[in-house]
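Just so it is clear: chains get the letters A, B, ... in the order the sequence lines come, proteins before strands, and each one is counted from 1.
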Number of protein chains: 2
Amino acid sequence: MAKRRPVANLLALAVLTVVVQRPMHPYEMASVLRARGKDQDMPIKWGSLYTVVRNLEKHGLLEAVESTRQGARPERTVYRVTDAGRVEAEDWTRELLSTPRPEPSAFEAGLSVMAGLGPDEVAPLLRQRLELLERRIEAGREDLARERQEMPRLFLVESEYALAMREAEATWVRSLLAELDGGTFPGQDAWRAYRETGRLPADVADLAERGSTSE
Amino acid sequence: MAKRRPVANLLALAVLTVVVQRPMHPYEMASVLRARGKDQDMPIKWGSLYTVVRNLEKHGLLEAVESTRQGARPERTVYRVTDAGRVEAEDWTRELLSTPRPEPSAFEAGLSVMAGLGPDEVAPLLRQRLELLERRIEAGREDLARERQEMPRLFLVESEYALAMREAEATWVRSLLAELDGGTFPGQDAWRAYRETGRLPADVADLAERGSTSE
DNA sequence: TCGCTTATATTTGTCTGCGAGTATACGTCG
DNA sequence: CGACGTATACTCGCAGACAAATATAAGCGA
């Protein structure tokens, strides 16, 4: 398969797509991004911005156009996208849309080590998550409703997607919580006993040993 | 809120939770993790492993127990978790479970720059994504069914979650695709026209300018 | 007009993630 | 039994991410 993107940071894609419209200096790119609300999902890291722009230039995807100086202000370098940059942006977009790749989420990591806490502790934690999630969903819905008034749908799909994913997560958490609260989660008692006594059922203990180096 | 985790990499949490069960040397931690299938979601980066372990030690969450050498093999340092390490692992787990945080996905990034391609190009790309997604869901379902035979549910929740999320994504993509295919996506014609002629409707052009520095 | 905050614009320095390399032991197949 | 692959076990070194520092200009209230 093709070699990795010359500049892997997703901020680079955002930069490319704004600079396609008109040459800009880095700070302006950030402003435009911010004005479009892209910083909601992707807060702008100033350190990264300049690194990314420099790397894009190094790889020939951007080129410096001029370097103006107004008064004693720091020099501003204005960049323009190159043909290669335009190609890269489109190709990258295609890949992002067409190819799902497993993205490990922090919550997944949490679930995978959840056994270390007891079921009676996990339930309230999930309840809290659910509450926060619901609040966020509500806020997302309102934002979306507001933005729909002044922005074509085309520029809102990513928010719609994010909202849908949060809703799906909430649904999933609710169902797990129902099992926990109803005591219908299989092995819940063994789990609680493990947490309280520190002892695992024999068959599970075997599993936990798998992969250890034989001595 | 509390200061950032002393070792932020999620691999550190995985390391802590395996080493809680029994002291180990780094390579063994990786083996155990691999045997438990944690490397599916989180492929093990060897460079990171040793860095992470060293950092955990530096912050007093792990401590070296012994340093044995067998024959001419490289020295193996065995680490044990400290009390602070145990506390950190539990606290971190609690946070991951209880607190949702916005995690920008690559697909979301793709959607947010989708406008740069035309609708007639986007649809096939999404169709491809959907197909891959469906294949993966099928595979995930089978894996899960197999693992349920030999592993208690408790250690499979994270896979169930991942599967549910992929299903939700598939559903969402399907519905967007239906709009695109049916021609019912609002503004679809303007979008196509933009792609073909390079000209935006006046009101949208205004929006695209927002955030630019006034000259 | 003095001093305050906020916006403009970039550089620096650190820390860490991780790809790639190194070196030995073990198994096995012809 | 020797050659070749694979598992064991770590080390090195740099590119890249980002926090924080830096420096000036502009708006604004008192």
Report the distance from atom [atom1] of [X] to atom [atom2] of [N], rounded to the nearest whole Å.
| X | N | atom1 | atom2 | answer |
| --- | --- | --- | --- | --- |
| A:Y50 | D:dA21 | OH | P | 18 Å |
| A:I44 | C:dA7 | CD1 | C1' | 14 Å |
| A:L11 | D:dA15 | CG | P | 20 Å |
| A:E28 | C:dT10 | CD | C1' | 15 Å |
| B:M24 | D:dT8 | CE | P | 14 Å |
| B:W46 | C:dC18 | CH2 | P | 14 Å |
| B:H25 | D:dT8 | NE2 | P | 10 Å |
| A:M42 | D:dA17 | CE | C1' | 11 Å |

Taking 4.0 angstrom as the limit, do B:R101 and B:E95 come out as a salt bridge? yes
Could you go through residues 122-139 of chain A and list every donor-acceptor pair under 3.5 Å that involves a side-chain atom there, pairing it with any protein atom two or more places apart or in another chain?
unit_1	atom_1	unit_2	atom_2	d
A:R127	NH1	A:D181	OD1	3.2
A:R127	NH1	A:D181	OD2	2.8
A:R129	NE	A:E169	OE2	2.6
A:R129	NH1	B:L96	O	2.9
A:R129	NH1	B:L97	O	3.1
A:R129	NH2	A:E169	OE2	3.0
A:E131	OE2	A:R135	NH2	3.4
A:E134	OE2	A:R174	NH1	2.6
A:R136	NH2	B:P100	O	2.8

Spell out, as yes or no, whether a donor-acceptor pair under 3.5 Å connects the side chain of A:S31 to the backbone of A:Y27. yes
Short side-chain to backbone donor-acceptor contact, A:T51 and A:G47, under 3.5 Å: yes
Ranking B:R54 and A:L49 by the position along DNA chain D of their nearest nucleotide, the one closer to 5' is B:R54
OP1 or OP2 of C:dT8 sitting under 4.0 Å from any side-chain N/O of A:Y27? yes
State yes or no: are the ring centers of B:W191 and A:F155 separated by less than 6.0 Å? no
Compile the donor-acceptor pairs under 3.5 Å between side chains in residues 53-62 of chain B and protein atoms, sequence neighbours left out, one pair per line.
none

What's touching nucleotides 13-17 of chain C from the protein side, N or O pairs under 3.5 Å?
unit_1	atom_1	unit_2	atom_2	d
C:dG17	OP2	B:N9	ND2	3.3
C:dG17	O5'	B:N9	ND2	3.4

